Number of protein chains: 2
Amino acid sequence: MKQKSFAGMRCSIAGALNLIGDRWALLLIRDLSLGLRRYDDLRESIGIPNATLTERLKLLVARNIVERRQYQDRPLRFEYRLTPRGRDLWKVSTALREWGDRWNATGFDAPAVEVVDRLTGRKLVLALVDPKTGSAIPRDRIQYRPGPGADETVRKLLGELNLGVGK
Amino acid sequence: MKQKSFAGMRCSIAGALNLIGDRWALLLIRDLSLGLRRYDDLRESIGIPNATLTERLKLLVARNIVERRQYQDRPLRFEYRLTPRGRDLWKVSTALREWGDRWNATGFDAPAVEVVDRLTGRKLVLALVDPKTGSAIPRDRIQYRPGPGADETVRKLLGELNLGVGK
DNA sequence: CGAGTTACTTCAATGATAGAAGTAACTCGA
DNA sequence: TCGAGTTACTTCTATCATTGAAGTAACTCG
């Protein structure tokens, strides 16, 4: 796959998407985080062509999202695992799964995977949390503001966004 | 863009990725949620070629993620906005931004956008929350379990995942 | 010895994308 | 009324990526 740098490369979303690659890569990350390790298992689970799989794995390894490690000598064999950086993408896949479930992206009503609290058994959802207190912040208290790396364009957009809060 | 159904279409992640489309689409969603509405603004902000932009917008409209609405008569002009379904993708872009910031995906140290609590000014992060209590659940209490729509493969993978929790 | 497993590589055909140029329907100022 | 500008596209071609099928290398196992 050709790698391009997007316009607006100060944007972390564009940066993240650039590093990850594409849908195949995200599906790989999903399967790796579910415990699949081997080339053929990944290929069958995802239904990705060989050439594409090889290429994506190479890219992800180059970007330190996946590591390729030897697991036996004779015959020489390798497996793939997420690095800490790759494991840290779990919120992205969780957000995608949540959205997919909520808006019925598969055409099936019943979700295949649920995320629950081991103690109470209750389903969990992603929310914005103050890490100091550990509690979720309601939507009307959430504010987007320019960070130290913001340029004029972002500053202006965010300014207008905050003016339009009432709407 | 050709639309394919992935193997494992019971998977909400694959489903969500299918509906969204690709990186361009996610960047469009980012810009639309920041308040951009007009074709030319989107094109310039993202640096997407005309043909691709037109095609992606059409796809997103067809999928009820974006709506195209007329905003004047003479000359006839249209703008693009997120539908509720599209707006609900905010957790996906937030997760991508968080990851991009944490792992320095742009090459710049300083994030361009921060999400804060309007009351305290403190930065917020995504976390898994029990919606009943509104508080974040620590990682060791989080459990993935097969939902009602799980097939044998998922069931097996999740079983092994939970066995390997100690590692 | 022959079949099977794992992890790929190679190839030809098809499909998508970029970048540049062009178009339609207006408005606005001189 | 003329010409430049704005907005939202469409069209084109060369290049690039992807698919799906087939092949390969280095083993193991019966």
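Reminder, nothing fancy here: chain letters follow the sequence lines and each chain counts from 1. Bear in mind the structure is a predicted one, so any value in this text is a computation, not a measurement.
In a base pair of the Watson-Crick type (N1 to N3 plus N6-O4 or O6-N4) or a G-U wobble (N1-O2 and O6-N3), with each distance short of 3.5 Å, D:dC9 is matched with C:dG22. The partner of D:dT28 is C:dA3, judged by Watson-Crick or G-U wobble contacts that both fall below 3.5 Å.
The shortest distance between side-chain heavy atoms of A:Ile46 and A:Asp31 falls below 4.5 Å. A heavy-atom distance below 4.5 Å is found between the side chains of A:Arg38 and A:Asp41.
OP1 and OP2 of D:dG20 both lie 4.0 Å or more from every side-chain N or O belonging to A:Arg43. Side-chain N/O atoms of A:Tyr71 include one lying less than 4.0 angstrom from OP1 or OP2 on C:dA7. Between A:Trp24 and the phosphate of D:dA17, there is no side-chain N or O to OP1/OP2 separation shorter than 4.0 Å. For C:dA16, neither phosphate oxygen OP1 nor OP2 lies less than 4.0 angstrom from any side-chain nitrogen or oxygen of B:Arg23.
In this entry the distance linking CG of A:Asp41 with C1' of C:dA7 reads 12 Å, nearest Å. The separation between B:Ile48 atom CD1 and D:dC9 atom P is 13 Å, rounded to whole Å. Atom CD1 in B:Ile46 sits roughly 12 Å away from atom P in C:dA18 (whole-Å rounding). Straight-line distance from the CD atom of B:Glu44 to the C1' atom of D:dA8: 12 Å, rounded to whole Å. The CZ-P distance, from A:Arg56 to C:dC8, rounds to 16 Å in whole Å. Atoms CG (B:Asp22) and P (C:dA16) sit 12 Å apart, rounded to a whole Å. The interatomic distance linking B:Leu53 (CG) with C:dT17 (P) rounds to 13 Å, in whole Å. Taking atom CG of residue B:Asp40 and atom P of nucleotide D:dG5, one finds them 15 Å apart after rounding to whole Å.
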Could you go through nucleotides 24-27 of chain D and list every protein N or O atom that sits under 3.5 Å from one of its N or O atoms, giving the distance for each pair?
none

Find every protein N or O atom lying less than 3.5 Å from an N or O atom of nucleotides 10-14 of chain D, and list the pairs.
unit_1: D:dT10; atom_1: O4; unit_2: B:Asn50; atom_2: ND2; d: 3.4

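Taking the charged nitrogens against the carboxylate oxygens, B:Asp117 and B:Arg122 have no contact shorter than 4.0 Å, which rules out a salt bridge. Salt bridge status for B:Asp22 with B:Arg56: present, with a side-chain N to carboxylate O gap under 4.0 Å. Residues A:Arg102 and B:Asp88 are paired through a salt bridge, judged by an N-O separation under 4.0 Å between the basic side chain and the carboxylate. With salt bridges taken as basic N to acidic carboxylate O contacts below 4.0 Å, one links B:Glu79 and B:Arg81. With respect to A:Arg155 and A:Glu152, a salt bridge is recorded, a charged nitrogen being found less than 4.0 Å from a carboxylate O.
Within the 3.5 Å criterion, the main-chain N or O of B:Ile48 finds no donor-acceptor partner in the side chain of B:Arg43.
Here A:Thr52 lies in heavy-atom contact (under 4.0 Å) with a base. Counting non-hydrogen atoms under 4.0 angstrom, A:Arg38 reaches the backbone sugars and phosphates but no base.
For the residue pair A:Tyr80/A:Arg68, the side-chain donor-acceptor check at 3.5 Å is satisfied. A donor-acceptor contact closer than 3.5 angstrom is absent between the side chains of B:Glu67 and B:Asn64.
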